[in-house]
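In what follows, a single structure is set out as structure tokens and then discussed.
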Amino acid sequence: MNQISSFEAKVANGNGEQTLSRDVYRLGCRFDFFRMLSFYFTTVGFYFNSMVTVLTVYLFLYGRLYLVMSGMEKEILEKSIINQNKSLEAALIPQSLFQMGLLLVLPMLMEISLEKGFRTALADFIIMQLQLASVFFTFQLGTKAHYFGRTILHGGSKYRATGRGFVVFHAKFADNYRLYSRSHFVKGFELGILLVVYEVYGVSYRRSSLYLFITCSIWFLVGSWLFAPFVFNPSGFDWQKTVDDWADWKRWMGFRGGIGIQPEKSWESWWEREHEHLKYTNIRGRVLEIILALRFFVYQYGIVYHLDIAHHSRSWRVHFAIFTNIIFFLPY
């Protein structure tokens, strides 16, 4: 799995660089509509769609969090015309199935049905689900979106060694942490916190199961991003290997970095390499990075106005102090 993720990261970086190139721009200007569609969906379009899918999840959750923190959702749901709306629930049930991506499975089922028959296609689909194929491809969606989006913002595509060795081995926790911390674990925790906060501060006035229909697919995405590296890791739940991984991770975290110290030896060296692209990015990339970090202002809005931890104070000093702490704490 680590080799596949490294390969996907390398290809996503390359497609990000292609998106920024003049060649793609010139081809897009000179193709007719149908050739342009074929070119888009067979090159950069696949990765662009993956990035848009993840961004849509972020926009949706932050929008819902803003509604629940500001009290607008409570005002809407307490209206008699919306509260206990069975028709709305009936409409959201099939919508949630499409949201889980089952609609995308139909082309695969049709293709296998034409080649081997519908019974074989259905059996293959069931076997794929038992093999946790949905978890694996949801996890790879995060890999594509992260590295493609970061290349779009800052550039800096580079070669990544994927390895061609014996693949059935136990990967240490420190290796998984280095590979997936920024691309999956941090984002998974952020989305999980959004879901929990949204549920906690809206449960008092919700009297239906609409929340589950709306957020079930996002919970599946969060679970895949957080636990897929451990589920697919051979001997991932062996106690002795878990103890050894913990000791190795503590040793890696405690080793000081410096000149000539590889990221595999020190957390400090790994941290500097992970943020190396920010040193060479342009003004546009830095401004966009700041704008993306401003999404944590929604947390600040809820803490100050909804939780009343400032004792009803509306001073700008309270907002600045809380907002600064959130900005520096949550992304890391």
Side-chain angles (χ1 to χ4, degrees), residues 1 49-74 76-79 82-109 122 124-146 149 180 183-232 295 298-299 302 330:
M1 181 177 181
N49 291 347
S50 300
M51 183 182 67
V52 170
T53 301
V54 176
L55 289 178
T56 302
V57 174
Y58 272 88
L59 290 174
F60 174 77
L61 280 182
Y62 273 101
R64 303 293 298 195
L65 182 66
Y66 179 83
L67 289 176
V68 73
M69 286 296 190
S70 62
M72 295 176 62
E73 187 185 68
K74 181 178 181 180
I76 293 173
L77 291 182
E78 286 185 344
K79 292 182 179 297
I82 296 177
N83 192 23
Q84 295 292 337
N85 192 333
K86 300 300 181 182
S87 300
L88 180 60
E89 292 185 19
L92 282 174
I93 291 175
Q95 185 271 340
S96 63
L97 297 178
F98 295 137
Q99 190 175 346
M100 289 291 288
L102 297 181
L103 186 63
L104 302 176
V105 178
L106 293 180
M108 181 193 69
L109 289 177
L122 186 61
D124 289 346
F125 173 74
I126 295 175
I127 292 174
M128 289 174 63
Q129 301 310 309
L130 294 177
Q131 293 173 339
L132 301 181
S134 298
V135 176
F136 179 82
F137 289 110
T138 302
F139 185 83
Q140 295 303 332
L141 171 69
T143 303
K144 300 182 183 74
H146 172 76
Y180 307 122
S183 59
H184 294 82
F185 295 155
V186 172
K187 292 180 172 62
F189 274 116
E190 181 183 351
L191 294 177
I193 291 173
L194 286 173
L195 289 169
V196 171
V197 173
Y198 174 64
E199 168 64 13
V200 168
Y201 293 102
V203 70
S204 60
Y205 53 83
R206 293 197 195 103
R207 300 177 182 86
S208 65
S209 55
L210 291 178
Y211 170 80
L212 295 177
F213 296 143
I214 293 173
T215 61
C216 59
S217 60
I218 305 178
W219 275 114
F220 179 80
L221 183 142
V222 170
S224 299
W225 284 6
L226 291 179
F227 301 110
F230 310 105
V231 172
F232 291 105
R295 67 185 184 272
V298 179
Y299 282 104
L330 281 178

Does the pair T143 and H184 meet the rule for a side-chain contact (heavy atoms from CB on, under 4.5 Å), with working shown? CA-CA 7 Å; T143 303; H184 294 82; 2.9 Å; yes
Can you tell me how far apart CG (L194) and OG1 (T215) are? Round to the nearest 0.5 Å. 12.0 Å
For the student: nearest non-hydrogen atoms of V135 and A228, plus distance: CG1-CB, 3.9 Å
Exercise: identify the closest heavy-atom pair between A145 and V54: CB-CG2, 3.5 Å
Shortest non-hydrogen contact from L195 toward V222: CD1-CG2, 4.1 Å
Are W219 and L191 close enough, and set up right, to give a side-chain contact (heavy atoms from CB on, under 4.5 Å), and what steps lead you there? CA-CA 8 Å; W219 275 114; L191 294 177; over 6 Å; no
So does F227 have more than 12 non-hydrogen atoms from other groups sitting under 6.0 Å from CZ? no
State, yes or no, whether a side-chain contact exists between L132 and F232 at a heavy-atom distance under 4.5 Å. yes
R64 CZ to Y198 OH distance, which is reported to the nearest 0.5 Å: 3.0 Å
Between CG of L55 and OG of S50, what distance do you get to the nearest 0.5 Å? 11.0 Å
Interatomic distance, M51 atom CE to K144 atom NZ [nearest 0.5 angstrom]: 14.0 Å
Using a strict 4.0 Å threshold on nitrogen-to-oxygen distance, state whether E190 and R295 make a salt bridge. yes
Calculate, to the nearest 0.5 Å, the distance between atoms OH and CD1 belonging to Y58 and I218 respectively. 11.0 Å
For the residue pair F139 and Y180, categorise the inter-ring angle as parallel (less than 30°), tilted (30 to 60°) or perpendicular (more than 60°). perpendicular
Heavy-atom closest contact (V52 atom, T56 atom, distance): O-OG1, 2.7 Å
Rounded to the nearest 0.5 Å, how far apart are CG of L141 and CH2 of W225? 6.0 Å
Do the non-hydrogen side-chain atoms of S224 and F137 ever get within less than 4.5 Å of each other? no
